Asker: 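One structure, pasted below without further comment.
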Amino acid sequence: MEQRHLGRTGLRVTRLGLGTLNWARDTDEQEAADQLKAFWEAGGSLVDTADIYADGGAEYLLGRLTEGLVPREDLVIATKAGSVLEADRRVDGSRRHLLAALDASLERLGTDYVDLWQLHAFDPHTPLEETLQALDLAVASGRARYVGLSNFSGWQLAKAGTWQLAAPGVRNRLASTQMEYSLLQRGIEREVLPAALDLGIGLLPSSPLGRGVLTGKYRHATPADSRGASDHLAAFVAPYLDETASRVVEAVTTAADGLAVTPLQVGLSWVRDRPGVTAPILGARTAQQLRAALSVETLSLPDEIRRALDDVSAPVHHYPDHDWSTL
């Protein structure tokens with residue numbers, strides 16, 4: 001599998017990543033093992049998890065699988081911290097919480113370090129410099145090799161990235177930002193992606209298949225075994241089942257028919273090759289789904305098809321994102 005540098009750093013990762021959001025919840029240990037083995041055998045290296053996935057269960061499962069199934073040194077393990085399951089708080093970016101969360105993650109993962117440690121979300125109640133200091137302390141102590149962010153808006157990413165660059169040798173450059181990005185969700189193109197490109201921060205798209213909708217499985221009905229039919233994920237899929245999304249899915253399906261490939265391959269290839277993207281994170285539920293996604297490695301969309309998909313999915317951005325003199 002082809003590799004890319006993660007942002008403006010020396011870290012190289014495969015241009016597809018394996019996500020573990022479903023592990024220890026909808027994906028059991030045997031299925032997770034099959035996924036990890038298939039990903040590794042395909043040449044994949046980047047595996048993304050978080051301390052909150054399955055209340056730590058995903059990290060624990062990944063740690064168990066790297067003990068004997070796949071060599072730890074072959075993987076680039078990324079995890080996240082900052083999200084909390086509390087009634088009155090969803091994010092805790094305090095230095096106290098973050099460093100304790102990192103120690104707990106390392107214990108569950110069974111490793112002395114993570115290759116990439118990411119802030120899961122922005123905490124408006126904690127000074128940003130305190131939150132970012134936790135990243136620097138993690139690198140200085142050897143517990144993290146590189147650091148990044150997730151779910152930060154454009155101004156938040158720009159502020160954090162600039163702060164880190166303001167003291168070279170003391171603060172660590174942000175390597176990545178993980179954000180939802182697909183043909184059905186192009187909102188980050190408004191401000192997040194321009195900031196990331198300017199600051200040399202690599203983008204790791206989550207839900208690159210529009211929460212599964214771009215596979216075409218929901219075109220005529222909701223499959224009984226799909227996320228859209230599950231109690232805990234139906235609301236997650238629902239926003240992408242409207243008329244606007246349907247037009248995009250039909251365009252993707254038409255393109256797939258013309259290329260003799262699948263809608264999944266078209267949708268994933270489009271986001272993988274967008275400017276600024278390092279590696280989409282594949283959140284497959286089964287090994288079979290993952291193998292289907294990994295088959296995109298050999299596909300590059302023709303320019304005319306890429307432009308057609310750009311047009312049909314284009315978000316409406318006006319002032320101040322475009323030159324005011326053209327409005």
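Everything quoted here is computed from the prediction, not taken from an experiment.
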Asker: How many angstroms lie between atom CG of Leu21 and atom CG of Leu282, to the nearest 0.5 angstrom?
Answerer: 13.0 Å
Asker: Taking the side chain as every heavy atom from C-beta outward, state whether Leu268 and Leu299 have any atom pair closer than 4.5 Å.
Answerer: no
Asker: Please report the shortest heavy-atom distance between Thr9 and Ala175, naming the atom on each side.
Answerer: CG2-CB, 3.7 Å
Asker: Can you measure from CG (Leu184) to OG (Ser207) and round to the nearest 0.5 angstrom?
Answerer: 10.5 Å
Asker: side-chain hydrogen bond (donor to acceptor under 3.5 Å, both in side chains), that's the test. Do Asp242 and Thr244 meet it? Break it down for me.
Answerer: CA-CA 6 Å; Asp242 62 6; Thr244 300; 4.5 Å; no
Asker: Return the set of residues passing side chain to side chain donor-acceptor pair (under 3.5 Å) with Thr177 (not counting sequence neighbours), or none when no residue passes.
Answerer: none
Asker: Has Glu41 got more than 12 heavy atoms of other residues, nucleotides or ligands less than 6.0 Å from its CD?
Answerer: yes
Asker: What residues, two or more places apart in sequence or in another chain, satisfy side chain to side chain contact (heavy atoms under 4.5 Å, CB included) together with Ala38?
Answerer: Arg291
Asker: Is it true that Arg4 and Asp273 make a salt bridge, defined as a side-chain N closer than 4.0 Å to a carboxylate O?
Answerer: yes
Asker: Just verifying a value: how many Å separate Ser150 OG and Leu119 CG, rounded to the nearest 0.5 Å?
Answerer: 9.0 Å
Asker: For a side-chain hydrogen bond (donor to acceptor under 3.5 Å, both in side chains) check, start with the C-alpha distance between Ser94 and Arg96, then their side-chain angles and the critical distance, and finish with the verdict.
Answerer: CA-CA 5 Å; Ser94 68; Arg96 176 181 183 273; over 6 Å; no
Asker: Please find the pair of heavy atoms, one from Val192 and one from Gly154, that lie closest to each other, and give the distance.
Answerer: CG2-N, 3.5 Å
Asker: Taking side chain to side chain contact (heavy atoms under 4.5 Å, CB included) as the test, write out the residues that go with Gln185, two or more places apart.
Answerer: Glu180, Ser182, Tyr240
Asker: Applying side chain to side chain contact (heavy atoms under 4.5 Å, CB included), name anything that partners Arg307, two or more places apart in sequence or on another chain.
Answerer: Asp303, Glu304
Asker: Between Thr14 and Met1, is there a donor-acceptor pair closer than 3.5 Å when you use the side chain of the first and the backbone of the second?
Answerer: no
Asker: If you measure from OG1 on Thr278 to CG on Leu203, what distance do you get to the nearest 0.5 Å?
Answerer: 7.0 Å
Asker: Does Arg211 reach the main-chain N or O of Phe236 with its side chain, forming a donor-acceptor pair under 3.5 Å?
Answerer: yes
Asker: Has Arg272 got a side-chain atom pairing as donor or acceptor with Pro208's backbone, closer than 3.5 angstrom?
Answerer: no
Asker: If only atom types and distance count, is the side chain of Glu59 paired as donor or acceptor with the main-chain N or O of Leu109 below 3.5 Å?
Answerer: no
Asker: Taking Arg15 for its side chain and Glu297 for its backbone only, find out whether a donor-acceptor pair lies under 3.5 Å.
Answerer: yes
Asker: Going by the rule ring pair (Phe, Tyr, Trp, His ring centres under 6.0 Å), which residues pair with Trp270 if we only count those two or more places apart in sequence or in a different chain?
Answerer: Tyr181
Asker: Check Ala251 against Val312 and note the closest heavy-atom contact, atom names and distance.
Answerer: CB-CG1, 3.8 Å
Asker: If we only count heavy atoms from C-beta on, is the Asp310 to Arg306 side-chain gap below 4.5 Å?
Answerer: yes
Asker: Please tell me if the side chains of Leu259 and Leu301 come closer than 4.5 Å, counting only heavy atoms from C-beta onward.
Answerer: yes
Asker: A side-chain contact here means heavy atoms from C-beta on lying under 4.5 Å apart; do His120 and Leu98 qualify?
Answerer: no
Asker: Apply side-chain contact (heavy atoms from CB on, under 4.5 Å) to Lys217 and Val249, showing your working.
Answerer: CA-CA 10 Å; Lys217 69 171 66 176; Val249 172; over 6 Å; no
Asker: For the side-chain contact (heavy atoms from CB on, under 4.5 Å) test, which of Leu290, Val70, Asp34 pairs with Phe39?
Answerer: Leu290
Asker: Is any side-chain heavy atom of Ile188 closer than 4.5 Å to one of Pro205?
Answerer: no
Asker: Should Leu102 and Val91 be counted in the same cluster of Ile, Leu, Val, Met, Phe, Trp and Tyr side chains packed under 4.5 Å apart?
Answerer: no
Asker: Evaluate Arg285 against Glu31 for salt bridge (Lys or Arg N to Asp or Glu O under 4.0 Å), listing each step before the verdict.
Answerer: CA-CA 8 Å; Arg285 182 170 49 85; Glu31 196 69 52; over 6 Å; no
Asker: Hey, are the side chains of Leu18 and Trp40 touching, using non-hydrogen atoms and a 4.5 Å cut-off?
Answerer: no
Asker: If you look at every heavy atom in Ala235 and Pro239, which pair is closest and at what distance?
Answerer: O-CD, 3.2 Å
Asker: Ser269 and Ser300: which non-hydrogen atoms are nearest, and at how many Å?
Answerer: OG-CA, 4.0 Å
Asker: So, taking the atom named CG in Asp112 and the one named OG in Ser141, what distance separates them when rounded to the nearest 0.5 Å?
Answerer: 11.0 Å
Asker: Who pairs with Trp155 by ring pair (Phe, Tyr, Trp, His ring centres under 6.0 Å), at least two apart in sequence or on another chain?
Answerer: Phe122
Asker: Side-chain contact test, heavy atoms from C-beta onward, threshold under 4.5 Å: evaluate it for Leu16 versus Pro280 and give yes or no.
Answerer: yes
Asker: Between Asp103 and Arg143, which heavy-atom pair has the shortest distance, and what is it?
Answerer: OD1-NH1, 2.7 Å
Asker: Who pairs with Asp257 by side chain to side chain contact (heavy atoms under 4.5 Å, CB included), at least two apart in sequence or on another chain?
Answerer: Thr253
Asker: Let me have the donor-acceptor pairs involving side chains of residues 157-171, under 3.5 Å, with sequence neighbours excluded, atom names and distances please.
Answerer:
{"from": "Thr162", "atom 1": "OG1", "to": "Ala158", "atom 2": "O", "distance (Å)": "2.7"}
{"from": "Gln164", "atom 1": "NE2", "to": "Asp136", "atom 2": "OD1", "distance (Å)": "3.0"}
{"from": "Gln164", "atom 1": "NE2", "to": "Asn172", "atom 2": "O", "distance (Å)": "2.8"}
{"from": "Arg171", "atom 1": "NH1", "to": "Trp163", "atom 2": "O", "distance (Å)": "2.7"}

Asker: Does Glu130 reach the main-chain N or O of Pro127 with its side chain, forming a donor-acceptor pair under 3.5 Å?
Answerer: no
Asker: Mind checking side chain to side chain donor-acceptor pair (under 3.5 Å) for Asn22 and listing every partner two or more places apart, or none if nothing turns up?
Answerer: none
Asker: Do Asp115 side-chain atoms and Ile77 backbone N/O form a donor-acceptor pair below 3.5 Å?
Answerer: yes
Asker: Not counting sequence neighbours, list each pair that qualifies as a salt bridge (charged side-chain N to carboxylate O under 4.0 Å, His left out) and has a residue in residues 258-268.
Answerer: none
Asker: Under 4.5 Å between side-chain heavy atoms, chaining through other members, with only Ile, Leu, Val, Met, Phe, Trp and Tyr counted: pull out the rest of the cluster around Leu6, sorted by chain and number.
Answerer: Leu11, Val13, Leu46, Val76, Leu116, Tyr146, Leu204, Ile281
Asker: Quick one: pull up CZ in Arg247 and OG in Ser313 and give me the separation to the nearest 0.5 Å.
Answerer: 11.5 Å
Asker: For residues Leu135 and Val139, determine if any side-chain heavy atom of one lies less than 4.5 Å from a side-chain heavy atom of the other.
Answerer: no
Asker: Let me have the donor-acceptor pairs involving side chains of residues 47-58, under 3.5 Å, with sequence neighbours excluded, atom names and distances please.
Answerer:
{"from": "Asp48", "atom 1": "OD1", "to": "Lys80", "atom 2": "NZ", "distance (Å)": "3.3"}
{"from": "Asp48", "atom 1": "OD1", "to": "Gln118", "atom 2": "NE2", "distance (Å)": "3.2"}
{"from": "Asp48", "atom 1": "OD1", "to": "Gln178", "atom 2": "NE2", "distance (Å)": "3.1"}
{"from": "Asp48", "atom 1": "OD2", "to": "Lys80", "atom 2": "NZ", "distance (Å)": "2.7"}
{"from": "Thr49", "atom 1": "OG1", "to": "Thr20", "atom 2": "OG1", "distance (Å)": "2.9"}
{"from": "Tyr53", "atom 1": "OH", "to": "Lys80", "atom 2": "NZ", "distance (Å)": "3.0"}

Asker: Group every Ile, Leu, Val, Met, Phe, Trp and Tyr by side-chain heavy-atom contacts under 4.5 Å, then state whether Tyr60 and Leu62 land in the same group.
Answerer: no
Asker: Does Gly63 offer a backbone N or O that forms a donor-acceptor pair with the side chain of Thr66 under 3.5 Å?
Answerer: yes
Asker: With the 4.5 Å side-chain cut-off for hydrophobic clustering, are Trp117 and Tyr113 part of the same group?
Answerer: no
